[in-house]
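Chain letters run A, B, ... following the sequence lines, proteins first and then strands; every chain starts at 1. Computed from heavy atoms alone, side chains included, the values below leave out hydrogens, waters and symmetry copies.
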Amino acid sequence: GDSVTQTEGQVALSEEDFLTIHCNYSASGYPALFWYVQYPGEGPQFLFRASRDKEKGSSRGFEATYDKGTTSFHLRKASVQESDSAVYYCALGDTNAYKVIFGKGTHLHVLP
Amino acid sequence: GGIITQTPKFLIGQEGQKLTLKCQQNFNHDTMYWYRQDSGKGLRLIYYSITENDLQKGDLSEGYDASREKKSSFSLTVTSAQKNEMAVFLCASSRTGGSAETLYFGSGTRLTVL
């Protein structure tokens with residue numbers, strides 16, 4: 001079945017560092033790809049999506065480009081802030097069923 | 001805008017107990033979901049309901065029942081709580097059941113089984 005694999009565990013950066021969280025997917029066709037962010041005590045929030053090859057999604061300084069060739073949708077931000085500390089989830093829309101499949105999450109810690 | 005309300009926020013149960021979690025949404029969305037969140041395992045789909053009279057099993061449905069009472073509400077029942085179980089249960093909704101739809105989440109019910 002469809003699946004998503006992302007950078008596992010925790011990522012620790014200092015403010016103004018460049019962020020990359022890797023996300024690779026396994027699915028047929030062109031599934032919609034998403035990034036969600038979850039702050040402590042809250043549910044995940046939609047960050048952005050992309051639905052076709054080479055499409056770039058972006059929000060709040062974060063961005064990712066849909067790459068069908070490498071089956072990837074890596075999350076990047078040029079300069080992280082302490083307020084970006086959260087858990088980030090890569091997800092894909094299963095085109096064979098009405099559901100969204102999530103990766104295991106990456107916990108970003110940004111140190112002041 | 002809208003909101004998803006999950007009750008209770010915290011749920012403590014005993015081993016073998018039947019426990020019910022409730023979710024209400026005022027987005028007027030067709031589709032609702034229950035996910036389980038465990039540390040290091042991400043979000044796993046338990047049940048979902050595409051429309052008001054529909055119920056679909058997810059990948060983790062064993063040990064759970066679900067009920068879509070009306071368009072705005074979706075309940076999840078843990079049929080027999082497992083000792084030392086700890087997890088967060090997240091309810092979500094989307095405008096339709098399309099796979100490209102945005103999911104809107106509640107803040108979760110935190111379950112602890114003694």
If you count heavy-atom pairs within less than 4.5 Å of chain A, which of A100(B), S99(B), G42(B) leads? S99(B)
Quick check: under 4.5 Å, non-hydrogen atoms only, which of residues 83-94 of chain A neighbour chain B? Y89(A), G93(A), D94(A)
Identify which part of [X] has an atom lying under 4.5 Å from any heavy atom of chain A, answering side chain, backbone, both or neither.
X	value
R44(B)	neither
L90(B)	side chain
Y35(B)	side chain
Q37(B)	side chain
L45(B)	side chain

Could you tell me how the ring of H22(A) sits relative to the ring of H74(A): parallel (under 30°), tilted (30 to 60°) or perpendicular (over 60°)? perpendicular
Please work out whether the ring planes of H109(A) and H107(A) are parallel, tilted or perpendicular, with thresholds of 30° and 60°. parallel
Just to verify, what does R60(A) make a side chain to side chain contact (heavy atoms under 4.5 Å, CB included) with, not counting sequence neighbours? V37(A), Y39(A), Q45(A), L47(A), F62(A)
Decide if atom [atom1] of [X] counts as having more than 12 heavy atoms of other residues, nucleotides or ligands within a radius under 6.0 Å.
X	atom1	result
K77(A)	NZ	yes
K68(A)	NZ	yes
Q10(A)	CD	yes

So, does E55(A) use its side chain to make a donor-acceptor pair with the main chain of S51(A) at under 3.5 Å? yes
Output, in order, the C-alpha distance, side-chain angles, deciding distance and verdict of side chain to side chain donor-acceptor pair (under 3.5 Å) for R49(A) and T102(B). CA-CA 8 Å; R49(A) 88 163 67 79; T102(B) 298; 2.4 Å; yes
